[in-house]
K.L.:
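Sharing a structure below in structure tokens format, with a few things to ask.
All chains are named by letter (A, B, ...) in the order of the sequence lines, taking the proteins before the strands, and each is independently numbered beginning at 1.
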Amino acid sequence: MKKDALPVAVLGAGIAGVQAALDLSRLGYQVALLERSSRPGGKLTVLPKTFPTNDCSACVLSPPDSFFCIRSPHFIKQGRDNITLLTGVEVKKLTRNPGNFSLHFYREGREEELNAAALILCPGYEEYLPANLDARYGYGRYLGVLTGLELEQRLGAEGYLCRPGGNGPLQQVAFIQCAGSRDPAGGVAYCSAVCCMYALKEALMLYEAAAARKLPLPEITLFYMDLRTYGRAYESYLAKARQEYGLKLVRSRIHSIIQTPGNPRLTIRYAPEEGPARVAEFDLAVLATGLRPPDGARDLAAALGIELDAYGFCQTSPLAPVSTPQPGIFVAGAFSGPCDVIDAVTQGSAAATACAAWLKENGAGPVKSPLLPPSSGAVDPSPRTGVFICGCDHLAADLDLKGLEEYCRSLPGVDMVQELSLCDPQAGEEFLRAINENGLGRIVVAACSARALEPVLKARLDQAGLPGVGLKIVNILDHAARIYSGRVEMATRKAGDLVRMAIAGVKATVPYMNEEATVTPAALVIGGGAAGMTAALHLGDLGHEVHLVEKEAQLGGNLLRMQRTLRGADVQAWLAGQTWRLMQHPRIHVHLDARILDTSGKPGCFQTEIEIAGERRESITHGVTILATGAGEKKTQQYLYSQHPAVVTALELEDLLKTRSPRLAGAQRVVFIQCVDSRDAGHPYCSRTCCSETLKNALELKKINPAAAIYVLNRDIMAYGLQEQWYEAARSRGVVFLHYQPGEPPRVTPLAAGTGPEGKLLVRAYEAILEEEVTIEADLLVLATGMEPPAENRRLAALFRVPLDEFGFFATSHPKLKPVETPVPGIYTCGLAAGPGNLEEALASAQAAAGKAAADLARERYELHRQVARVEGACAACLTCVRVCPHGAPAIKDHRSHIDPLLCQGCGACVAACPARAITLTGYSHKEIEAELQALSPEAEKVHPTVIFTCSYCAYANSENAGSTSCPDDVSILQVPCLSRVGTLEVLKAIEAGARQIVLTGCVASQCHFRPARAFGSQGPGPDPMLCQEQAWRRARKILGELGFDEDTVKVLRLPPPPPGRGQPLI
Amino acid sequence: MPFSPAIEESLFPPLYQNLHEKITGALGEATLRSCLTCGVCSGGCPTGDIGAPVDPRKIVRLLLWGMEDKVLASDMIWLCTMCGRCTVYCPVGVNMGDLVRALRSHLAEEGRVPENLQKVVDLAVTSGNNMGISREDYLDTLDWMQEELQAEFGPRAEIPVDKKGARVMYVINPREAKFFPLSILAAAKVFYAAGESWTLSSRSWDATNYALFSGDDKAGAILVQRLADEVERLGCQELIMTECGHAFRAIRWGPERWLGHKLPFPVRSIVQLMAEYLDAGRIRLDPSRNSEPVTYHDPCNLGRKEGIFEEPRRVLQAAVTDFREMTPNRENNYCCGGGGGMLSLSEFGQERLAKGKVKIEQIQRTGAGIVATPCHNCVDQLNDLCRHYHLNVKVKNLVELVADALVIAGKE
């Protein structure tokens, strides 16, 4: 069998597996996505929101030409059919043969076989419930004791929790961290990495739920050992919970929970760090249970010859975070150790890149996607109109499809009506044949989910060279058949209504300009540290030209000063190897001692000027850009730094270790101070790596001099995930850790002359447990100052028009699910430039960025495929669009608004808000929506129709998951990208068309797909789409009121992301 | 400039080499240093908020900062009842009972055991039992109890003494011989009903071993060896301990540490034996004879330390009609407040009663009229507490309840 004919098998369709599959498919590989459970989406499907963005937003993973929603029954749909999803798969046998793995599995009771060129393992994790949960906390016995997951599911289902066993609002709630984690004696030794953050999230959810119901806020106490808010945005998350809601933090691990008979309250006795033990009562105790390796991990490892660590997590190769030592086997997500969604998504992308590079190296290149016919210029489709009606069994069961077909034929202006089973493998060809034979230019498809089908049908049209054909899909399954369940006649009539309206809309489609550019097949990588080098090498290995620009005369960045990683990998050996590979790589051009002067162009073809050695200039043309400018160690003014020779920073200690400085062997007492200039008002983020650096170096010092006394003065030891084992190792080797309060930092003074040996320091710190100050006479004081982004980022951000976050790191377009994509297409960021991380995390993010960039370069042409808003009418430069756009896309040039197509996300807010109606959005222009509304009902007077505008995200997902209802009213559901597209005018037009009631259904505030994820650098955060919507509707209501309409004529229904199969009906 | 002087010393100062060896021997090399300072122990210790603070975490922390002097001079070492509640959920497995005992052992070697506790140990070593009861008085008491037994069950019922080749040697707490002989009678009834081959010893009959509390390892060895020798002399197959928590713990935990080897015969508590009798149908009970509500107090040494949680409950379920658990129970149960030698430390009498308050509340909440517990030490403390806190509850050993419920064929 030919190698390149084999797909890559991705085992596990959680968020990491899905990301790997999507990226591999974009790189041109066939993917078989295998999932054990009956539906994909993994653990996220049961969580309505995840930190740090407090949203679901999984749809953000959708590439421009695909559909992806973990809550939709259609889940994943692609323009290119590269992903085959198989659910309910029980793998029985795996045979390892790199390049040709064979998988035997059961699916729907049948045994099947699949051969795969490579494997990506994403089996995820299971919730870890330790054996002592019952005896210790009364879990399962006491009504008020829940796990975090249970609380979240109940909040998702019930919205709010009352006091267990009684009435009234929750008063006191306890969050109990490390219920099973960080407990070598009674549970598992590792840190589960996500519990601190999910507890904070759930605390916020409880507060918000109470606030939304105007109930008193619960008093929430969080019992913890170290509050591991180790991500870039996590510290501010904590600050929000504390400052806005008064979350109480108690550093104490509780012993047990007691519920005395007859009293539903839970008694917790705890010892704060300082002072005597206390007793407190709570209504609810939430156990922060952690993660454990997935079921079947041992069998999987044995079959594939991969190693698991002592806990059962997959071991990865040193400095290859998503690779196993076995060729052709890659891993992503929590299987290689507990991690949050951000890391899982990054690793998913990284695994796709690593896998693609391995396949390419082994002669299995990607399948070239067929060349699309060029189509630049104005597109004015033919007026001939056709209707396709899907003949699917689900539709046939509840609708009279023949009757619908006849009705459609009877409509004026319809040139063709055809039944076509869209899921049929032959459907695509038949679809195109019918369009060509009938010369159709406007098409209505009556089927199921429009958002899932649209990318598939659009891709068909593109491949056929018909990108300009007007296409509207109406969801007669969810919006007709299911809301009039058991009433075939009514449902069929409603399907007819929806088709009629869509025809009116599609006939009003305006011609538009199709823009595209030839992609320059080269990448520019800025920054030659670990991330930049890795990104460049992967791009080169994937067959692309790369320009790597480094400001220093040498590659390596911070790595030049590092000896080993925490896990013990030899950094210098790795760096030497990578540097050699880069320098001799035929497709990689390394520019040292070089800086970026200027850049111009557009996605697909940029031109960047660089200056080398301060004199020579060069111009680089490139299709994509990766910003990997790294971060530096902060220089502090505190603790006698740069005033006393015994005070060094962590990197300076690395220098001493590298040279085996005799100073170290002679140091009898070494003090580390953590969080210097970190997690404070001036630097409100955790640098994530300083604690593990300190653990590594403390252990190294203990190796040099086992008798040395080492003290680590810290606020929280951020040894998240599997790093906990090094925290344990350091303690067991005698390193003493002391928590200091930010308000009471350690004090450092030079040892007064004559009172002791020269060159020593006195470090004083308050030891809360002993309730006294301790004094250490230190030979060496090491300051963990954390990292800060280079000042150069500001200039680069301005040049490349990408935003910086509030700390000066490059902002990505979604901090959780798009960890390497800047909001500008074709520009990526990775490594420390995108935020603090350790070396392996930086490498994973570099691999992820390289894969995304490679996928862009693999296309010959770059098209602005997305629906973007355009100013086409008479603009008065009134600035309304500038004010309402959440993404900062419109700007006034030459007395006219221009909407940057690169920044526009297509929500339609400006279209709705523009008082001159000068802005269009393909598919959702004023003309189209008005035409649809005018076709609302010929008998409006009789049937009193209701119009529902639904956004394309959570509200739409609710209708897909709602099941069957029997609606008494005449309801027409119209889809818009976001409720922002519905303004005053649309409401009034609907009334004019005869609607008696208008319901606006969209996402809940924090879940809007179009929310700007980041402050946009100097432009400041964009306006909240929710506020703009509310303003528009308030105006509409006011006008309606003046016209004598009831207040209730316009209703707003905001729906949370639905649990799969349990959506709320829109009516 | 105020220095914490201990920090000036190296991590293992020669002065405390012995202490650290003891600690390492008791806990293992790295356990103490692994402390996460999480506070589970201090949160679990019921004494932290009663004005007699024992703060287990503080003990560990002082040792880690090299402040041994402060630890050794601290009352905490003697106020701790070594109940082990702090240890149950310690994430790194620091056994506080063992740690405190290691500290006491160091103090014992320095002759720094509180006088009253030392006296009890000395008396046991010199007189053969910890109350200094004479052999005559002891044997008289046994005779008297045998008379009582025979009055009820006829002449074939005996309290055998020094019966060579008996299967079981049974040892008692001296407080039974001196103050509560009816518990000896109760045990005899149970043995009789079960048809057990058993004997008491006339020489080494004291089950207790206060050296477990005082830290005196030499005395501990002597007392354990005495019982071992006596089992051998009488040719018994098994040593059955009376309902005495620390005695049971001392003879299960002590031999390997003090004698360097395990005992060549099994040791069990009479509670375990009674559960076995019930399971095997060797005794039958009529619970209606104990109709008052009964709750059960888990003695720390029997429960948390030796894992005997279910046998006493099985026995009580069979012996009484209305058994009620107290909350918390089993491994989370609160110490009665009299453990660790506290009952002998009259200087801490107030603290001991204060510690027991939580226990009294636990009992009160059950509404029980009787609290049963298989530990003479706990019985004394609970009686004290009931008097002090005016709680009208009777305190009993399990064997008494079982004896009262015995159904003897042909006797009825």
Side-chain angles (χ1 to χ4, degrees), chain A residues 132 135-136 138 178 182-187 189 223 225-226 250-262 268-273 276-279 668-669 707 709 727-729 731-739 751-752 755 762 764 767-777, chain B residues 1-4 6-8 10-12 29-51 53 55-58 60-62 64-67 70 85-94 324-328 330-332 358 361-362 365-367:
Chain A
N132 68 17
R136 182 170 184 179
C178 297
R182 301 185 69 195
D183 187 358
F223 294 98
M225 295 199 289
D226 296 280
V250 174
R251 190 191 296 278
S252 175
R253 194 165 190 163
I254 69 154
H255 180 273
S256 51
I257 297 176
I258 297 170
Q259 189 180 56
T260 53
I268 291 177
R269 208 169 164 290
Y270 65 95
E273 276 225 304
R278 284 170 212 176
V279 181
Q668 288 305 309
R669 278 182 208 84
Y727 181 31
E728 202 184 338
R731 291 196 320 274
S732 70
R733 295 215 195 353
V735 178
V736 174
F737 291 80
L738 176 148
H739 294 130
L751 198 60
T755 56
L762 281 185
R764 293 191 189 82
E767 160 59 283
I769 298 168
L770 301 185
E771 297 178 85
E772 62 180 274
E773 188 174 80
V774 290
T775 308
I776 306 158
E777 194 183 283
Chain B
M1 206 163 291
F3 275 89
S4 306
I7 294 177
E8 285 301 280
S10 80
L11 267 190
F12 289 94
E29 187 64 47
T31 313
L32 195 66
R33 295 194 301 221
S34 299
C35 174
L36 271 162
T37 66
C38 65
V40 159
C41 50
S42 303
C45 176
T47 71
D49 50 356
I50 55 151
D55 189 339
R57 175 172 54 177
K58 204 163 184 172
V60 173
R61 201 66 181 157
L62 285 166
L64 288 180
W65 278 107
M67 302 179 185
K70 273 195 185 171
R85 189 169 192 264
C86 53
T87 298
V88 188
Y89 301 125
C90 172
V92 295
V94 174
R324 303 171 178 187
E325 287 282 7
M326 57 175 76
T327 308
R330 294 186 173 83
E331 69 266 37
N332 273 335
V358 59
E361 289 164 0
Q362 266 183 298
R365 278 197 301 264
T366 64

K.L.:
Relative to chain A, which segment of B:Cys41 carries a heavy atom at a distance below 4.5 Å: side chain, backbone, both, or neither?
P.N.:
neither

K.L.:
With the side chain counted from C-beta on, respond yes when B:Val94 and B:Thr87 share a heavy-atom pair under 4.5 Å apart, and no when they do not.
P.N.:
no

K.L.:
Do you know the tightest heavy-atom contact between B:Arg85 and B:Asn332?
P.N.:
NE-O, 2.7 Å

K.L.:
So which of B:Gly39, B:Cys35, B:Gly44 has the largest heavy-atom pair count under 4.5 angstrom toward chain A?
P.N.:
B:Gly44

K.L.:
Measure A:Tyr727 against the heavy atoms of chain B and call it side chain, backbone, both or neither at under 4.5 Å.
P.N.:
side chain

K.L.:
Work out which heavy atom in B:Tyr89 is nearest to a heavy atom in A:Ser256; give both atom names and the distance.
P.N.:
CE1-CB, 4.1 Å

K.L.:
Thinking salt bridges, do A:Arg136 and B:Glu331 make one under a 4.0 Å N-O criterion?
P.N.:
no

K.L.:
With no hydrogens and no angle check, is any side-chain donor or acceptor of A:Arg182 less than 3.5 Å from a backbone partner on A:Gly187?
P.N.:
no

K.L.:
Has A:Arg251 got a side-chain atom pairing as donor or acceptor with A:Met225's backbone, closer than 3.5 angstrom?
P.N.:
yes

K.L.:
Please report the closest heavy-atom contact between B:Gly43 and A:Arg269, naming both atoms and the distance.
P.N.:
O-NH1, 2.6 Å

K.L.:
Quick check on A:Asp226 against chain B: is it the side chain, the backbone, both or neither that has a heavy atom closer than 4.5 Å?
P.N.:
neither

K.L.:
Which bit of B:Arg330 comes within less than 4.5 Å of chain A, counting heavy atoms only: side chain, backbone, both or neither?
P.N.:
neither

K.L.:
Could you check which of B:Ala30, B:Gly93, B:Ser34 has the highest count of heavy-atom pairs closer than 4.5 Å to chain A?
P.N.:
B:Ser34

K.L.:
Below 4.5 Å from any heavy atom of chain B, which atoms of A:Ile258 appear? Answer side chain, backbone, both or neither.
P.N.:
side chain

K.L.:
Taking every heavy-atom pair that is under 4.5 Å apart, which of A:Arg253, A:His255, A:Glu771 has the most such pairs with chain B?
P.N.:
A:His255

K.L.:
Which atoms form the tightest heavy-atom contact between A:Ile254 and B:Val40, and what is the distance?
P.N.:
O-CG2, 3.7 Å

K.L.:
Which atoms of A:Leu738 are under 4.5 Å from chain B, going by heavy atoms: the side chain, the backbone, both sets, or neither?
P.N.:
both

K.L.:
Under a 4.5 Å cutoff for heavy-atom pairs, which residue among B:Gln362, B:Arg57, B:Lys70, B:Met326 has the most contacts with chain A?
P.N.:
B:Arg57

K.L.:
Does any backbone or side-chain atom of A:Gln668 lie under 4.5 Å from a heavy atom of chain B? Answer side chain, backbone, both or neither.
P.N.:
neither

